[in-house]
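Order of the sequence lines fixes the chain letters, A, B, ..., with proteins taken first and strands second; residue numbering starts at 1 for each chain.
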Protein chains: 2
Amino acid sequence: MAHAPGFTGSPLDRAEHIRLTPEAFEAARADPAARLLRLDGIDPVLDGGDGLGWDALAQAPADAPLALLGLIDGIPHFTALVADPTRDGRSPGIFAVLDRLHPGDAATFAAARSLISWHARHRFCANCGTPTDIFRAGWGRRCPSCNTEHFPRVDPVVIMLAEHGTGADARVLIGRQPSFPPQRFSALAGFLEPAESIEEAVARELHEEAGVRATRVRYVTSQPWPFPSQLMIACIACVDDDAITLDRNELDDAKWVTRAEVADALAGAADASFIPPPRFAIAYTLFERWLEGA
Amino acid sequence: MAHAPGFTGSPLDRAEHIRLTPEAFEAARADPAARLLRLDGIDPVLDGGDGLGWDALAQAPADAPLALLGLIDGIPHFTALVADPTRDGRSPGIFAVLDRLHPGDAATFAAARSLISWHARHRFCANCGTPTDIFRAGWGRRCPSCNTEHFPRVDPVVIMLAEHGTGADARVLIGRQPSFPPQRFSALAGFLEPAESIEEAVARELHEEAGVRATRVRYVTSQPWPFPSQLMIACIACVDDDAITLDRNELDDAKWVTRAEVADALAGAADASFIPPPRFAIAYTLFERWLEGA
């Protein structure tokens, strides 16, 4: 049975009504039970086990604005909108922390991480250049000059396995980006563009990166990816012709692998033909779901 | 058989290699066969039939920058990045034009419309407030001061039918926004937020707007919506309890309808219990697909 996709299953109630009412937001801030996400820079700090660390809200830094992540068991949970030192990147240790973190808590952290990064990079009005003010409990910014309202970006990304053949003989296409660790292969992926459907973006990316032509695309699952704020949309695309033409700007290598090869890789077999992405990446879930017949 | 979703099926080859090479972009601009999208403000002008009107690129306004939409049969097709007088809205006549426009041409228009609107509202760097420059053949902006690169937004929106019961007895939940024309009902919808999966956003929106609890969510299809640049993700969500609690800020009314009622509405029956959205809206496709067993 496939795991739930990474960064899903947060216990947060996003409590939109609190965002829309400044008085409700102030009441949540004044709640003596209110909690503040414990951060090291913009990375999570664990509670000693596999959960997120939380402090009393009173310990919030005086100079950082607060965003209401939502309610957990009715208790307001906040993050400080601290500076983002990574500029879209990731700290070297974040993946090791995520590997330990309980999935539902990773999803809660993802909301904080995406909000922090968005505020850090969107302090000015894109419409007129004026510094903007935070509103809606940290879920938006408003321009005091032209009144334009700005909301956090979520960038849809398609990630897909091309599939050649059927049943036990089927193989899927995996590729590696130049930045990957040695032997790591994953599903191909790319940003969806304006005026594309999911299915069209999958077909375009497969053709651009690997020269293969999708004849049919089926959706499998989705998850957020908070570096800084993608929506990962996982699909499988049938192809009739398995000839690969690599785009060397995007990929170092690409190859077709069988069900047995994917199963060995997920099992961490010593002689596996590739090393899969981490378990909290949707490509891992996509491999699992493909083995299960998705 | 359901229609293809609206705004899909463009014949454009997006030709990313031209965007990435300024010399290739200049060569495309200099191509004597190059075409320019004919616009009335930011609405399309038809060619006399059901196709988009195109002019010679030489007729482009001197004061508007150009974006390369892509290649059609190898010929570069451009749009001028004109001012957007609608400010995210729609002109009164646009839906009548879209009703006539060939679907593939509507998809080509959608790319132009989303790009025009994005440039009009993103002339300044959100990171530092400096006016930005267009790059990548119109598919991005770059800050000359802090070097941040900005790319067009695509905002994912979930749109869904809650489904109660199964088989011939199944009913789906439809609602109407205060702004809808009389008798118009549609699927419920809302923006996906940072750190949500598609399935989680569907469940949250159904609960927020109608008080129903999704037990299972299945993806159906997707399409772009260029007002200004949404990715519409259509799903069906099973619910066990059909009691509705309306959010009056979002919806005027909501009700459960049977397969016969949906079929009558799509057929335009005089005594239909509601008027469906236009055919180029994904809610129409979602109704069709539900009737077909999706």
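Only the backbone of Gln223(A) comes within less than 4.5 Å of a heavy atom of chain B; no side-chain atom from C-beta onward does. In this structure, no portion of Arg218(A) lies under 4.5 Å from any heavy atom of chain B. When heavy atoms are compared at a cutoff of 4.5 Å, Arg141(A) does not approach chain B at all. When heavy atoms are compared at a cutoff of 4.5 Å, Ser197(A) approaches chain B by way of both its backbone and its side chain. Interface remark: Ser10(A) contributes backbone atoms only to the contact with chain B (heavy atom separation under 4.5 Å). At a 4.5 Å heavy-atom cutoff, the contact between Ile198(A) and chain B is made by backbone and side-chain atoms alike. Contact of Pro194(A) with chain B is made through backbone and side chain together, with heavy-atom distances under 4.5 Å. Both the backbone and the side chain of Ala111(B) have a heavy atom closer than 4.5 Å to some heavy atom of chain A. Only the side chain of Ser114(B) comes within contact range of chain A, with heavy atoms under 4.5 Å apart. If you measure heavy-atom distances from Ser229(A) to chain B, the contacts under 4.5 Å come from the side chain alone.
In terms of modelled atom types and a separation under 3.5 Å, the side chain of Arg113(B) and the main chain of Phe109(B) share no donor-acceptor contact. Proximity of a side-chain donor or acceptor of Asp105(B) to a complementary backbone N or O of Leu52(B) within less than 3.5 Å is detected. A donor-acceptor pair is defined here as one N or O able to donate and one able to accept, closer than 3.5 Å; no such pair exists between the side chain of Arg136(B) and the backbone of Leu20(B). At distances below 3.5 Å, not a single donor-acceptor pair connects side-chain atoms of His77(A) with backbone N or O atoms of Leu12(A).
In terms of non-hydrogen atom pairs under 4.5 Å with chain B, the most contact-rich of Glu208(A), Arg153(A), Gln230(A), Glu200(A) is Arg153(A). With chain B as partner, the option from Leu192(A), Asp247(A), Ile233(A) having the largest number of non-hydrogen pairs under 4.5 angstrom is Leu192(A). Ranked by non-hydrogen atom pairs under 4.5 Å with chain B, the options Ala195(A), Pro224(A), Ala126(A) are led by Ala126(A). When each of Trp118(A), Phe191(A), Phe151(A), Trp225(A) is checked for heavy-atom pairs under 4.5 Å with chain B, Phe151(A) comes out on top. The candidate with the highest count of non-hydrogen atom pairs below 4.5 Å against chain A, out of Ala110(B), Pro226(B), Pro156(B), Ala112(B), is Pro156(B). With chain B as partner, the option from Cys128(A), Pro131(A), Pro152(A) having the largest number of non-hydrogen pairs under 4.5 angstrom is Cys128(A). Of the listed residues Glu199(A), Arg204(A), Met232(A), Glu193(A), the one with more heavy-atom pairs under 4.5 angstrom with chain B than any other is Glu193(A).
Between the side chains of Arg279(A) and His3(A), a donor-acceptor pair is found at a separation under 3.5 Å.
Looking only at side-chain heavy atoms (C-beta outward), Leu69(A) and Phe78(A) stay at 4.5 Å or farther from each other. Side-chain contact between Arg121(A) and Pro228(A) is present, with heavy atoms from C-beta onward closer than 4.5 Å. At least one side-chain heavy atom of Leu251(B) sits under 4.5 Å from a side-chain heavy atom of Gln177(B). For the pair Cys235(A)/Val158(A), no side-chain contact is recorded, criterion being any heavy-atom separation below 4.5 Å from C-beta on. The side-chain heavy atoms of His150(A) and Thr132(A), taken from C-beta on, include a pair separated by under 4.5 Å.
Cation-pi geometry between Arg19(A) and Trp139(A) is met: the NZ or CZ atom falls under 6.0 Å from the ring centre, inside 45° of the normal.
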